[in-house]
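Okay, so here's the structure we're looking at.
Order of appearance sets the numbers: ligands from 1, and atoms from 1 within every ligand.
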Amino acid sequence: MMEQMIERAAQDLVNSKYAIALTGAGISTESGIPDFRGPSGVWTKDPEAERRAYRSYEIFMEDPRVWWMERLTSPSPLGDLESRSPNSGHYALAELEELGILKCIITQNVDGLHEKAGMHNILEYHGSVLKLRCTSCISRFRRDEFDLEKLLREDKLPPQCPRCGGIVKTDGVAFGEPIPNDVARQSLEEAWKCDLMLICGTSAVVFPFASLPRIARQRTVEQERKNNTGRYGVEAVPAVTIIEVNAEPTPLTEEGISDYLIQGKTGEILPRMVEHVKKFML
Ligand code: APR
């Protein structure tokens, strides 16, 4: 049954003209990074930490200097992400891009593992821990372009944008913080363009990211079909095939937004899907 569904997904991918992938923390758990709402997720284990996270952006807006001091002196709940490596799930998606099947990934993950796995066309919807961003001109910088420890020692926080003088923040998007315009617009365009959406390792409960599959689901195309009287008519049919690969069902499954769920680990399922894709492309 599972293998048949993986084969079906591979066939759908090969038949697609413009497939994209949406990913969440679940695809990185096999790299040793905890997710948020899974059975051993960061928020599941420490609801207080989640409450603090909800206040983070407010604190930044009130006093970015205090926010930065806290940021530079307390450990991240996700641990040291820069030391982590991609797993077979990340590599499988990069291979689908190389095969010309996957056109883009929109990820909620800030860990940079899709890029490390060799993926090119990536939209980091919630930003990246490896980058900083100006809150005025949205310029992004590599973290090492600023000597943050020196700014902390000399009490010269928050960092200032060398281009516009605006206040620089980590690129990670906090709860309540607007998604940067450029990424929000490009992601919407991808959701409008795609004819297949492969959604991997997300509980799909955080908005506005979780609205992307719903936007894609609204799209229909006209298709000539034989109706029950044997006559041909034009019918509006769903324009997008939506496939979930996740350890558990999500609201997308329950609301029938996705066409089907392949329930299991991304690191096990995605490589098998790629094997079938390669077989079908022969
Ligand atoms: N394979 C497949 N699914 C997995 C795996 C795995 N190896 N490991 C965990 N999962 C599933 C979990 O069961 C859960 O349904 O992945 C999902 C991860 O969901 P969340 O922890 O809610 O992560 P995500 O959807 O990415 O969260 C969205 O919330 O906290 C914020 O900014 C944070 O970007 C994050 C956003």
Side-chain angles (χ1 to χ4, degrees), residues 2 5-6 9 21-57 60 76-79 81 84-93 105-114 117 122-129 131 133 169-180 183-184 187 197-214 243-255 257-258 260-273:
M2 168 78 94
M5 291 184 81
I6 297 174
L22 271 57
T23 66
I27 198 167
S28 294
T29 55
E30 292 160 85
S31 295
I33 303 173
D35 62 12
F36 299 93
R37 297 170 192 84
S40 44
V42 176
W43 304 152
T44 312
K45 286 177 140 176
D46 185 355
E48 189 42 44
E50 185 174 15
R51 277 191 285 279
R52 276 200 306 278
Y54 279 114
R55 289 215 57 235
S56 171
Y57 190 55
F60 176 81
S76 153
L78 295 175
L81 294 182
R84 298 294 176 180
S85 305
N87 64 63
S88 50
H90 298 101
Y91 287 117
L93 294 179
I105 273 191
I106 311 174
T107 186
Q108 296 169 95
N109 301 344
V110 296
D111 54 32
L113 293 184
H114 286 301
I122 308 166
L123 293 172
E124 293 173 313
Y125 202 79
H126 291 162
S128 165
V129 288
K131 299 173 189 162
R133 173 172 33 90
K169 185 182 160 293
T170 52
D171 186 36
V173 178
F175 288 117
E177 181 180 358
I179 305 294
V183 176
S187 301
M197 213 178 238
L198 181 63
I199 307 178
C200 310
T202 178
S203 59
V205 296
V206 174
F207 285 78
F209 185 89
S211 67
L212 296 171
R214 290 176 169 81
I243 307 166
E244 289 182 278
V245 179
N246 204 53
E248 55 190 336
T250 74
L252 300 177
T253 331
E254 278 128 29
E255 294 165 31
I257 305 282
S258 62
Y260 53 96
L261 161 71
I262 307 177
Q263 194 163 347
K265 290 189 168 188
T266 47
E268 292 167 8
I269 291 168
L270 295 174
R272 280 152 64 187
M273 203 181 283

### Message
Polar contacts were defined as any N/O atom of the residue lying under 3.5 Å from an N/O atom of the ligand; does this apply to G24 and ligand 1?
### Response
no

### Protein residue, atom and distance nearest to atom 1 (N) of ligand 1, heavy-atom basis
T266 N, 3.0 Å

### Query
So which of P34, G26, G38 gets nearest to atom 10 (N) of ligand 1, if we judge by its closest heavy atom?
G26

#### Entry: ligand 1 versus V206: contacting region, heavy-atom distance under 4.0 Å
side chain

### Query
Is the shortest distance from a heavy atom of G264 to ligand 1 less than 4.0 Å?
yes

### Query
Heavy atom under 4.0 Å from ligand 1: found in T202's side chain, backbone, both, or neither?
both

### Task
Could you find the nearest protein heavy atom to atom 9 (C) of ligand 1 and give me its residue, atom name and distance?
D35 OD2, 3.2 Å

### Residue pair I262 / M273, side-chain heavy-atom distance below 4.5 Å
yes

### Closest protein heavy atom to atom 35 (C) of ligand 1, given as residue, atom name and distance to 0.1 Å
F36 CE1, 3.6 Å

### Query
Taking all non-hydrogen atoms of both residues, which atom of S88 and which atom of G267 are closest, and how far apart?
OG-O, 2.7 Å

### Task
Please determine, by modelled atom types, if S128 and D171 share a side-chain donor-acceptor pair under 3.5 angstrom.
no

### Task
Can you figure out which of A53, P77, S203, P249 has its heavy atom closest to atom 22 (O) of ligand 1?
S203

#### Entry: For atom 15 (O) of ligand 1, the option (of E248, E268, Q263) bearing the nearest heavy atom
E248

### Side-chain donor-acceptor contact under 3.5 Å, Q108 with T23
no

### Task
Could you find the nearest protein heavy atom to atom 8 (N) of ligand 1 and give me its residue, atom name and distance?
T29 OG1, 2.9 Å

### Summary
Of Q108, R37, K265, E30, the one whose closest heavy atom lies nearest atom 29 (O) of ligand 1 is R37

### Message
Looking at non-hydrogen atoms alone, which of A204, G201, A247 comes nearest to atom 18 (C) of ligand 1?
### Response
G201

### Message
Minimum heavy-atom separation for V183 and Y125, please, with both atom names.
### Response
CG1-CA, 3.6 Å

### Rounded distance (nearest 0.5 Å) linking atom CD of E248 with atom OG1 of T253
9.0 Å

### Shortest protein heavy-atom distance from atom 11 (C) of ligand 1, along with the residue and atom involved
N246 OD1, 3.4 Å

### Message
Test of understanding: given a 4.0 Å heavy-atom threshold, classify the contact between W43 and ligand 1 as side chain, backbone, both, or neither.
### Response
side chain

### Spacing of N246 atom CG and I199 atom CD1 [to the nearest 0.5 Å]
9.5 Å

### Query
Between CG of D35 and OG of S28, what distance do you get to the nearest 0.5 Å?
9.5 Å

### Query
For T266 and E30, does a side-chain donor sit closer than 3.5 Å to a side-chain acceptor?
yes

### Message
Given E50, E244, H126, identify the one with the heavy atom nearest to atom 32 (O) of ligand 1.
### Response
H126

### Query
Which option out of C200, A25, G41, G267 puts a heavy atom nearest to atom 26 (O) of ligand 1?
A25

#### Entry: Closest heavy-atom pair and its distance - S203, R37
OG-CD, 4.0 Å

### Task
Please report the shortest heavy-atom distance between A117 and H90, naming the atom on each side.
CB-CB, 3.7 Å

#### Entry: Any F175 heavy atom less than 4.0 Å from ligand 1
yes

